[in-house]
Structures are given as structure tokens and as C-alpha cells.
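The block underneath contains the structure these notes are about, expressed in C-alpha cells.
Basis for what follows: all heavy atoms, side chains included, without hydrogens, waters or symmetry-related copies.
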Amino acid sequence: MATPTLVVAANAPDIDIVAMFWGPYAALAWRRGLTHGIPALIVLPFVVAGTVVLVDRLAHRVRGLDRPPHRFGVLLGLAAVGVATHPILDWINTYGMRWFVPFDGSWSYGDAVFILDPWLWLLFGGPVFFAWSRTRVALGGWGLLAGLLSVPVLIAAAVPSWARAVWLAGLAGWTLLRVDPRRLRGAARGPGRRIARSEGLARRSLLVASAYLVLMASATPLAEAVAAAEARERLPLDEVVSTMVGPLPADPLGGEVIVETADAYWIGTFRWTRRPRVEWEAESIARGEASAVVSEAMQHPEARDFLEWSRFPLHLVTSHSGGWWVEFQDARYLGSGGGSLSGVRVFIHPDFQSGRDPTPVGEY
């Protein structure tokens, strides 16, 4: 039951997806909080391990199994490891995590790795492919998965050309190891050699992936300090409030820069391999002026939910049909298309009775 326990535990924090039943903006406000933070890391392992033990006991009674029941302590340890991996991996991207809900709702951001990272796919998926591809059906399934994952890597404009080449080389490398396992030096001999090879590959891949994540997370505050310094030197701006250097798809040497000031956001692209490190866009993006109309729009439930999640909020007010449309967006996801991440619009009547436009920003 070790594998089922780890798989269930690793996905258990996403039970908060039920918030989607209350709408996409409610999901923004509730996700990555109560079921992801420190309290969940303490409680969820007991829930998962207890459920596995109950299922095991039931299987003993129904099927009359003659093996001894699984030990709760061992399963609890595995569940704790599985649960812990989830919020750690959630934290490393720009979406954010709230570690201390319900005691503190503050968001924390790793800004280290893009939410879809092909290098982690290769490092984590490769050993599993090597271990579980013994039949033609399995090989066909792995081929289909590799093809599906290759689509965004090969066609996304944001992915650099060198990354596409490395991705294809990585797929080819795992395929060669699978076809000719003798390429692995020091492989064990005898009936258990395939298991030993798989375990060795898994350990090495986990070590490389961990080093990669630590390196990326460590580089982020350095990149942010450099970007903030260059912003002060090169831009006509007020005091810098905060800075983000968010990861780019499949590009560990670059990043998306957002510098926040009191009244605007300055956007740029960061690259470790050039000087100056940041290339800035010509114009800043206004955060929007405060007004009674904006304050009223912020009271709308979906606007409140969006702003609860938003890291770099901005708004735009336009007059329309005797009232005002107030659009709320987040500078991290400008131009991201439809959906809750792209923002929400609220219509304010002259008598300040608000009504919502059901169409998200970016689709009207």
C-alpha cells in the first residue's frame, strides 16, 4: 500500500477544488490555503493513513487475506511525505501559497519554476517510464504521453529553441536507456537487476531535481534584487514597493519582471546572460486611481474573491450607459485570455447598486 498511500497523499491537499462549485472566483480565494498550509500538513497525513488502514482492514474481512495488516505508523510516515510534496511544489511558482491559514492569510511566492516545467517532467517521469514500460501496451501509452507533453514544448512561442532541442534529446535519452539498459554503468546483475536499475535512476533523478529546485529558488531573490536595483537606476519611478522575477516556460536563465510602485507597474524581461539584466517595456501600467466607484465595485463578492488572491492588482474604470464598468486584473496574468485569472468586471449604477457582467475580462 506504499504507492497508493503516496499517490493519495500527494493529491489530498487539492480537495479544496470543491470551491469551484461556488464559482471560479471563490476558488481563487479559497485554493492553496486551509488544505495546503501547515495545519493541513499535520492533519491530512492522519486522514490519509487512517483511510488506507480502514480499507486494508475491510479487505482482510471481505477477502480473507492471510497477510498481516499494514502498520499505521509506516503508512503515516509515507502519507506525511506525500502531503508535504504538494504545497512545496505549489509554492515554487508565481501563483502562490498560504502556509498559515486560518491563522494568517498572507500569500507566499517561490517564483522559482514555471507551473508547467518540462525538466521536472523528464526527471520525474523518466525513471517511472524505465520501470513500467515492459509491455507493448505500456510503451504505447508512454509514447502517447510523450507526444502530448511535447505539444506545448514544441509549439509555445515562449519556449526557446534550445529548450526544444534539449527536450527532444531528453526523450531520446530515456528511450535509449529503455532499449539498451546496459548503458547504465554498474547495473546490478541477476533477476533483480531491472528493479535495481530503476531504483538507481529514481534516486539520481530525485537528487538532480532537488538540486535544480533549490538552485532556482535560491536564484530568485538574487534576480529580484538585481531587477529592483536596475529599476531604480534606469526608470523614472517612485520608490519600489515590491519586485517579482517570475519564471518563464522552460527557460531557467530568464524571467518576467514586475516592479511595483505606488501608482504603476513596470514590466520587463530578465536574463542572466546579458547586461543590463532587464529589458524594460517603454510604458508602465497604471494601477488605477481610488474613487467611490472603485470602492463600491470592490464590495462585489467576486471582486472581493479576486482581490483576495491578486498579488499585483490594478483596475480600469470606464463610463457606460449611465454607469461605470470597473475591471479588476492582476499584472501577473495580463493578456492571459479568458478565465478567472484574467480578471473580473463589475458594473456600477449611478445609485451604486452593483451588478456583475458574467463574461470574464478578455472575452468580450
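Distance CG/Leu314 to CG/Leu334: 5.5 Å, rounded to 0.5 Å. To the nearest 0.5 Å, the span separating OG1 on Thr5 from CG on Leu75 amounts to 4.5 Å. To the nearest 0.5 Å, atoms CG (Leu28) and CD (Glu302) are separated by 10.0 Å. Distance check, rounded to the nearest 0.5 Å: OH of Tyr25 to CD of Glu308 gives 15.5 Å.
Ile348 and Leu316 fall into different hydrophobic clusters, where Ile, Leu, Val, Met, Phe, Trp and Tyr residues are linked whenever their side-chain heavy atoms come under 4.5 Å apart, directly or through other members. Hydrophobic clustering (side-chain heavy atoms under 4.5 Å, transitive across Ile, Leu, Val, Met, Phe, Trp, Tyr) groups Val293 together with Val344. Leu123 and Leu177 fall into different hydrophobic clusters, where Ile, Leu, Val, Met, Phe, Trp and Tyr are joined by side-chain heavy atoms under 4.5 Å apart, directly or via other members. A continuous path of Ile, Leu, Val, Met, Phe, Trp and Tyr side chains, each step under 4.5 Å between heavy atoms, connects Trp174 with Leu168, placing both in one hydrophobic cluster. Each of Leu248 and Val226 belongs to its own hydrophobic cluster when Ile, Leu, Val, Met, Phe, Trp and Tyr are linked at side-chain heavy-atom distances under 4.5 angstrom.
Side-chain atoms of His315 come within 3.5 Å of backbone N or O of Glu289 as a donor-acceptor pair. No donor-acceptor pair under 3.5 Å is formed between the side chain of Asp251 and the backbone N or O of Pro247. The main-chain N or O of Arg274 is never found under 3.5 Å from a side-chain atom of Arg271 such that the two would form a donor-acceptor pair. In this structure, Ser205 contributes its side chain and Ala202 its backbone to no donor-acceptor pair below 3.5 Å. A distance-only check finds a donor-acceptor pair linking the side chain of Asp56 to the backbone of His70 [under 3.5 Å]. Using a distance-only test at 3.5 Å, with no hydrogens or angles considered, no donor-acceptor pair links the side chain of Arg287 to the main chain of Ala264.
The side chain to side chain donor-acceptor pair (under 3.5 Å) test applied to Arg332 returns Asp330, not counting sequence neighbours. Partners of Phe114 under the ring pair (Phe, Tyr, Trp, His ring centres under 6.0 Å) rule, at least two apart in sequence or in another chain, do not exist in this structure. Partners of His86 by ring pair (Phe, Tyr, Trp, His ring centres under 6.0 Å), not counting sequence neighbours, listed by chain and number: His36. Judged as a side chain to side chain donor-acceptor pair (under 3.5 Å), and not counting sequence neighbours, Arg71 has no contacts. Partners of Trp142 according to the side chain to side chain donor-acceptor pair (under 3.5 Å) rule, which considers only residues two or more places apart in sequence or in another chain, do not exist here.
The shortest distance between side-chain heavy atoms of Val294 and Val317 falls below 4.5 Å. No side-chain heavy atom of Leu149 sits under 4.5 Å from any side-chain heavy atom of Pro118. Looking at heavy atoms from C-beta onward, Leu235 lies out of side-chain contact with Val259 at the 4.5 angstrom threshold. A 4.5 Å side-chain heavy-atom check between Trp30 and Trp22 finds every atom pair outside the cut-off. Taking the side chain as every heavy atom from C-beta outward, Asp111 and Asn93 never approach each other to under 4.5 Å. Glu260 is not listed as a side-chain neighbour of Met244, based on a closest heavy-atom distance of 4.5 Å or more. Looking only at side-chain heavy atoms (C-beta outward), Ile285 and Ile267 come within less than 4.5 Å of each other. The closest side-chain heavy-atom distance from Leu206 to Phe124 is below 4.5 Å.
In this structure, Ala9 and Ala79 approach most closely via the heavy-atom pair CB-O, 3.4 Å. Nearest heavy-atom pair, Val346 versus Ala303, reported as atom, atom and distance to 0.1 Å: CG2-CB, 4.1 Å. What you find for Thr269 and Val257 is that their closest heavy atoms are C-CG2, 4.1 Å. Taking both residues in full, the closest heavy atoms of Pro13 and Thr35 are given as O-OG1, 2.5 Å, listed atom of the first, atom of the second, then distance. Shown here for Tyr265 and Ile258, the closest heavy-atom pair between the two residues is CD2-CG2, 4.1 Å.
Within the structure, side-chain hydrogen bond (donor to acceptor under 3.5 Å, both in side chains) contacts touching residues 218-230 (residues at least two apart or in different chains) do not occur. Applying the side-chain hydrogen bond (donor to acceptor under 3.5 Å, both in side chains) definition to pairs two or more places apart or across chains, those involving residues 149-165 are Ser150-Trp167. Within the structure, side-chain hydrogen bond (donor to acceptor under 3.5 Å, both in side chains) contacts touching residues 115-129 (residues at least two apart or in different chains) are Asp117-Tyr212. Applying the salt bridge (charged side-chain N to carboxylate O under 4.0 Å, His left out) test to residues at least two apart or on different chains, the pairs with a partner in residues 11-24 are Asp14-Arg31, Asp16-Arg31.
The closest side-chain donor-acceptor pair between Thr261 and Trp266, if any, does not fall under 3.5 angstrom. Side-chain atoms of Arg32 and Ser108 include no donor-acceptor pair closer than 3.5 Å.
Considering Phe306, Trp309, Tyr95, Phe328 as possible partners of Tyr333, the one that fulfils the ring-ring contact (aromatic ring centres under 6.0 Å, His included) test is Trp309. Among Leu145, Leu201, Leu139, Leu171, the single residue meeting the side chain to side chain contact (heavy atoms under 4.5 Å, CB included) criterion with Phe129 is Leu139.
Under a 4.5 Å side-chain heavy-atom criterion applied to ILVMFWY residues, the cluster that includes Met20 comprises Ile17 as well. Cluster partners of Val101, by chain and number: Leu34. The rule joins Ile, Leu, Val, Met, Phe, Trp and Tyr whenever side-chain heavy atoms lie under 4.5 Å apart.
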Phe270/Trp272 under ring-ring contact (aromatic ring centres under 6.0 Å, His included): CA gap, chis, key distance, verdict: CA-CA 7 Å; Phe270 183 93; Trp272 283 109; 4.9 Å; yes

Table please: side-chain donor-acceptor pairs of residues 37-46 below 3.5 Å, with sequence neighbours left out.
none

